[in-house]
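Okay, structure first, notes after.
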Amino acid sequence: MKPADIAMHRQQKNALAHILASSRILDRLFYERPTVEVARDLLGKILIHGSTAGRIVETEAYLGEHDMAAHASHGVTPRTRVLFGPPGHAYVFLIYGMHYCLNLVAEPDGIPGCVLLRALEPLAGIDIMLRRRPQASSIHDLASGPGKLTRAMGITRRHNGMDVTQGELTVRALTGDSFFEVATGGRIGIRHCRDWPLRFFICGNPSVSR
DNA sequence: CAATAGATCATCT
DNA sequence: GATGATCTATTGC
């Protein structure tokens with residue numbers, strides 16, 4: 001390993017340690033609220049998986065039976081069972097035969113609703129992410145989309161149904177104050193209910209998808 | 001740059 | 001058997 005690589009490695013390990021020391025894990029009550037609120041409040045939080053971490057900069061809310069764009073609108077099936085279960089769990093599915101999408105289940109047990117994590121700003125384990133996504137044109141391109149995010153973080157169907165309030169995949173809130181402006185827009189990549197303002201993102205953040 | 005084709009598979013009809 | 005909550009490479013201006 002070259003000196004530059006060693007330095008980068010140490011810096012990244014320090015980055016993760018610093019995040020862990022200055023943040024607190026989100027408990028189940030955070031998720032046990034209206035989906036839109038959860039989607040809005042997840043902005044600025046930190047997603048941690050293994051030694052990779054990133055700040056959530058873009059989310060989308062997917063509701064229940066009236067939201068034709070949501071998987072839950074077609075009722076309970078083996079796949080969507082997680083969406084109707086207790087909050088604070090991961091819902092991971094394969095889309096277009098090649099990309100995984102990571103969602104976090106919201107609402108009380110029995111009521112469907114989830115938040116799609118669309119983009120992250122990489123904070124730690126960037127060397128690992130670069131290895132997983134060699135095509136990335138920049139650091140900010142590493143996780144600037146739902147499929148990119150899961151690939152960069154190493155998330156697969158294996159994580160479907162996992163409890164994100166403990167274990168290997170978690171979301172944390174920084175203890176210090178952080179200020180940013182939130183923008184709202186129509187959701188992306190769907191046919192139904194395109195104009196519903198259920199997409200939230202941090203204004204001006206370079207890791208937000210197009 | 002913007003537009004578009006192709007890859008590829010679990011899930012549901 | 002059709003269909004996506006996508007990404008990338010390639011083409012054409």
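Values below: all heavy atoms of this structure, side chains included; hydrogens, waters and symmetry mates excluded. Lettering of chains follows the sequences in order, A, B, ..., and the numbering in each one begins at 1.
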Next item on the list: Using heavy atoms to find the nearest nucleotide of DNA chain C for Tyr91(A) and Arg210(A) separately, return the residue whose nucleotide is more 5′.
Entry: Tyr91(A)
Check: Atom OG1 of Thr52(A) and atom CD1 of Ile128(A): how far apart are they, to the nearest 0.5 Å?
Finding: 6.5 Å
Next item on the list: For the residue pair Glu168(A) and His49(A), confirm or rule out a side-chain donor-acceptor distance under 3.5 Å.
Entry: yes
Margin query: It should be established whether Arg118(A) places a side-chain nitrogen or oxygen under 4.0 Å from OP1 or OP2 of nucleotide dT6(C).
Written below: yes
Next item on the list: Mind jotting down which residue pairs meet the side-chain hydrogen bond (donor to acceptor under 3.5 Å, both in side chains) criterion with at least one end in residues 142-156 of chain A? Sequence neighbours excluded, please.
Entry: Asp141(A)-Ser144(A), Asp141(A)-Lys148(A), Ser144(A)-Lys148(A)
Note to self: Applying a 4.0 Å non-hydrogen cut-off, can you work out what Gly147(A) is touching in the nucleic acid: base, sugar-phosphate, or nothing?
What the structure shows: sugar-phosphate
Margin query: How many whole angstroms separate atom CE of Met98(A) from atom C1' of dA5(B)?
Written below: 12 Å
Item checked: Point-to-point distance, once rounded to the nearest 0.5 Å, from CG of Leu149(A) to OH of Tyr100(A) -> 14.5 Å
Check: For Gln135(A) and dT10(C), what is the distance between atoms CD and P respectively, to the nearest whole Å?
Finding: 13 Å
Checklist line | For atom CE of Met153(A) and atom P of dT6(C), their distance in whole Å | finding: 19 Å
Notebook entry, point to check: Does Arg187(A) reach the side chain of Leu116(A), with side-chain heavy atoms less than 4.5 Å apart?
Noted result: no
Next item on the list: Using a 4.0 Å heavy-atom cut-off across all strands, classify Arg191(A) as base, sugar-phosphate, or nothing.
Entry: sugar-phosphate
Note to self: Around atom NE2 of His18(A), are there more than 12 heavy atoms from other residues, nucleotides or ligands closer than 6.0 Å?
What the structure shows: no
Notebook entry, point to check: Are Leu174(A) and Ser22(A) close enough that some pair of their side-chain heavy atoms sits under 4.5 Å apart?
Noted result: yes
Checklist line | Interatomic distance where OH belongs to Tyr100(A) and P belongs to dT6(C) [whole Å] | finding: 16 Å
Check: Counting side-chain heavy atoms from C-beta on, which of dT6(C), dA7(B), dA5(C) comes nearest to His99(A)?
Finding: dT6(C)
Margin query: Distance check needed: dA9(C) C1' versus Lys148(A) NZ, whole Å only.
Written below: 13 Å
Note to self: Near DNA chain B, counting only heavy atoms under 4.0 Å, which residues of residues 53-90 of chain A show up?
What the structure shows: Thr77(A), Pro78(A), Arg79(A)
Checklist line | Cationic tip of Arg33(A) above Phe30(A) ring, under 6.0 Å, 45° of axis | finding: yes
Note to self: Show me, range against range, the stems involving DNA chain B, built from at least 3 consecutive Watson-Crick or G-U pairs below 3.5 Å.
What the structure shows: B:1-7 with C:6-12, B:9-12 with C:1-4
Next item on the list: Look only at the side chain of Arg28(A) and the backbone of Pro87(A), and say whether a donor-acceptor pair between them is shorter than 3.5 Å.
Entry: yes
Margin query: Quick check for you: among dA9(C), dA5(C), dT11(B), whose closest atom lies nearest to any side-chain atom of Arg157(A)?
Written below: dT11(B)
Item checked: Gap between atoms CD1 and C1', on Ile95(A) and dA2(C) respectively (whole Å) -> 13 Å
Item checked: Atom-pair distance (CZ on Phe93(A); C1' on dT3(C)), nearest Å -> 13 Å
Checklist line | Gap between atoms CG and P, on Leu142(A) and dC7(C) respectively (whole Å) | finding: 13 Å
